[in-house]
Student: 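Following this message is one structure expressed as structure tokens.
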Amino acid sequence: MLRLLASDEIGYVRALERGRRRRSRDEDDDEDAAAAALDANDDDEELTLVGKYGALDRARACVRVRTVVRSNAGEASASRAVTCARRGGVVEFMDAASGTRARAGFAVTLKDGATLIDAYGWCDSIESEVTKAVTVDDGGNVRSHAWEASRGEGGTWTETGAFKAMENAVSSDYDAHLGSLVVGGRGRGCDVMIYDVAHGTRTFKAGYPPANWLGYTAPPWVSASCFAATSECKRFFVGTGEHRFRHYDTRASDTAVLDLDLGKGVITCVASSLDGREAYVANARGAFEIVDLRIGKTRGKFKGNSGSIRGIAVSDDGAHVACAGLDQYVRVYDAKSRKCVASAYAKQPLTSIVFDSYTPAMEAKKAKAAKKKSKKSSSRELDVDVGVEKKKKKSKKSLVDEDDASVERRKKKKKSSSSSSKKLGVVFD
Amino acid sequence: MGRVAAVKKKTKRFQDDDDVKETVGSLTSHIKNKQRRSEVYGKLRHERAVAKKKRREERQKAEAAAIEAGEEPAPRQIPKTIENQRVRDATHVEEGDEEVIEQDAEDEFASYFSHATEPKIIVTTSRKPSGAMFKFLENLFTVIPNAYYYARRSYHIQEIVKYGTARGFTDILVFNENKKFSKGSKVNGLLHCHLPEGPTCLYKLSSLQLSKEIKGHGRATSHYPELILNNFTTRLGHRVSRMFASVFPQRPEFKGRRVVTFHNQRDFIFFRHHRYVFEEKKGYRLPHAGHLATAEVPEHVKESIKESGGKKRRMQQGHPTKKKRKVEDSEDESDSEDDSEDDSENDSENESEDKATEAAPPAIDTMIQARLQELGPRFTLRLMSVQKGTFDSRHGEYEYIRSTETDGTRKNRRKFVL
């Protein structure tokens, strides 16, 4: 079952769904069968618009929708809430299922004419709703907010910290676990940087890209950026306004390890595949391509978009990639075969899209596991660079990116497999 | 069994099934011997032609018999046309679609339709325009009221946008011209940039004919024209048609009887400029004119009337409200000032509905017809791209870019974008 939330230009957040099956009676008795059935192929159903949340208000249109992440030292659970960053500085937390408020939102006071470019919400415990947030505005100001529950049901958001990352910011990405923010803007001095939000310190600054054959270097314009999944914020992707895609590895160097020229338009979004080895890049002309980082070239295209693509979302299992843009369509593609598996007309130009991390199968699994009371912990194999040795790590945190709120659970034995860290993973040039 | 018989047997299975089209070629293609194959092919073709003729004769006889008997004849078959076979786009705009109404209330053109702003147009050219371009522009200025010519010199479009906005202009029309030494210069493109931040549309312009070249052309007056926007059915088409409408003032002067038409058919937008006049035509009796004159028009036929039909038929249907008037009042055109604005899209739908739902065609001897005289230039536009924001070829963001992949026209020749 696929469920997506897409925000449009006039203020709504639209929910689109495919394949909502009703449980049959024998499935009620057998959880396994139900889970299996729900996981089954539901390709024959259409992607349909099922809900329209919010109000008609162009001035308050959603600029970005992000899933709220819940994490607690090793476990991550995708919550069903989404953070909506709206123009005018309002941040809302919406329940993905119903469009109602999951938690009260807050407003950021911005200068005249400034607008939020992104907001991220998360919380430190598995069970509760959003308790922390980070907002970035186009003046380059990064603010952290925290929710303080007061007696009874209510609570307030307070600003716990703020700093100015750069003169102006155009795009950003935040990793809630490690507290790292990658942010980039347009103009001199605004090339991409990584900040540690809790302390407000800069941990990485991009070096000058090499001049082209004319001896010219375009001024920085980071129109899209995101962390590569599985890289613990050490690697990230950048798309520029001069249609260049860059892959940075902070361990290797401060200039890009891969710098590709892609197409003709401004690159509007960039997303990471689940394994962090591919990047999905989309531009303002509707071109939507896959860059394979290992071969350093594009692997293929997702065809069919006729307008600027404003948002890319990667599903939790990495199998599907969705895009939404100004041509008013939501298209879902199979990541491996690049075929469009579903598309829906969403009636308004769209600005952002996110997969709703809910799947009935997941819920069923969760329920089952909770019944059995087995200890869950997640493990992940780190990609090892040539010449860089990794220390042994026991229970590794699952890395969750805001873009692809992926949750992988593997049952782990008590002793960590120490050999895993010595395996050579992907080698990046 | 002989070959022909075998093939015939195969055919018979499918004869009753309208959907499966077994062409004669596909039935005979398994015969390797060319001579034999062409014999069988010839025979089958002949048989089919005979059968078709027979069916046609039977149909005609039945119709004649029914008319004789005074009964209703069976409704005529409707030929398939590219327009009525069109695959309906998902973005097709229905009447009263909330989303569209919401968007319309707030988009860049809302202020024109609510009469809050008046259009003021800059018309300019590509660099170093030729005489042919000037001749075309002379024609164009008779069409668009409140248009100003500015020489392009070597200004960038972005500069023109800036200066235009500063001086209160609302649209920029840049006509492009290509020059070939051997063939001379040819006007072939239009960039329509709406100010201050509006969308920018790029069109290919073709089939240009100046007034002089049109036989029997007339001279335009300075009355504000009526606008007819035909057949813009999808969301994109709706947006583009609103953009055209915002170039003309929203207060048509019906007294001038001048009409500008943007007619979309198969993604080609035909621009026409006419003067019309309503006339009584005496001694006119409608014969049994096929599906248009049957008393009871079936649903699917109504649909095809709406969706099919050339521009001439639409235009000659005239002003929609006038159709309902009696013969005696036809001369009185001053009543038209009470009418609702024609500048909204798709009044063709109203017109054809009126015609189709009339109880019976007037058996009387007079009928009101609109006669047209073509004025100004005539050309065809093809939408290439719609860019959000003003013109920016390098960093622009596109709402629509025409490409063979996305239009579906390469894969499906019955899909259109506007």
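Lettering follows sequence order; numbering is per chain, from 1.
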Student: Can you establish whether the number of heavy atoms outside B/His156 located under 6.0 Å from its atom NE2 is more than 12?
Tutor: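 Atom NE2 in B/His156 is not packed in, count stays at 12 or less.
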
Student: Hey, is CD on B/Glu197 packed in by over 12 heavy atoms from elsewhere, all under 6.0 Å?
Tutor: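 No, the 6.0 Å shell around CD holds no more than 12 heavy atoms from other groups.
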
Student: OG1 of B/Thr91 to OH of A/Tyr329: how many Å apart, nearest 0.5 Å?
Tutor: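 With rounding to 0.5 Å, OG1 (B/Thr91) is 5.0 Å from OH (A/Tyr329).
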
Student: Would you indicate whether the side-chain heavy atoms of B/Ser385 and A/Arg285 approach each other to under 4.5 Å?
Tutor: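 Side-chain contact under 4.5 Å: no.
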
Student: Give, for atom CZ of B/Arg394 and atom NE2 of A/His243, the distance between the pair rounded to the nearest 0.5 Å.
Tutor: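 Atom-to-atom, B/Arg394:CZ and A/His243:NE2 are 9.0 Å apart.
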
Student: Out of A/Ile309, A/Thr268, A/Leu56, which one racks up the most heavy-atom pairs below 4.5 Å with chain B?
Tutor: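 Top option by heavy-atom pairs under 4.5 Å: A/Leu56.
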
Student: Mind checking the OG-OH spacing from A/Ser308 to B/Tyr398? Nearest 0.5 Å is all I need.
Tutor: 10.5 Å

Student: What part of A/Lys347 is in contact with chain B, defined as an atom under 4.5 angstrom from a non-hydrogen atom: side chain, backbone, both or neither?
Tutor: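 It is both, since atoms from each part get that close.
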
Student: Is the number of heavy atoms from other residues, nucleotides or ligands under 6.0 Å of A/Arg60 CZ greater than 12?
Tutor: no

Student: Just wondering, are more than 12 heavy atoms of other shown residues or ligands nearer than 6.0 Å to NZ in A/Lys52?
Tutor: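 Buried by this count: over 12 neighbours within 6.0 Å.
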
Student: Which distance, rounded to the nearest 0.5 Å, do you find between the CD of B/Glu397 and the CG of A/Leu326?
Tutor: 4.5 Å

Student: Nearest 0.5 angstrom please: B/Lys388 NZ to A/Glu9 CD, how far?
Tutor: 3.5 Å

Student: With a 4.5 angstrom heavy-atom cut-off, which part of B/Ser393 approaches chain A: side chain, backbone, both or neither?
Tutor: backbone

Student: Kindly determine whether A/Arg58 and B/Glu102 satisfy side-chain contact (heavy atoms from CB on, under 4.5 Å), including the steps that lead there.
Tutor: CA-CA 10 Å; A/Arg58 205 180 266 267; B/Glu102 279 174 355; over 6 Å; no

Student: Answer yes if the side chains of B/Glu99 and A/Tyr12 hold a donor-acceptor pair under 3.5 Å, and no otherwise.
Tutor: no

Student: Evaluate whether atom NZ of B/Lys120 has more than 12 neighbouring non-hydrogen atoms of other residues, nucleotides or ligands under 6.0 angstrom away.
Tutor: yes

Student: For A/Ala284 and B/Gly396, work out which heavy atoms get closest and say how close.
Tutor: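 Distance-wise, the nearest heavy atoms are CB-O, 3.5 Å.
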
Student: For atom NZ of A/Lys297, is the number of surrounding heavy atoms from other residues, nucleotides or ligands below 6.0 Å larger than 12?
Tutor: no

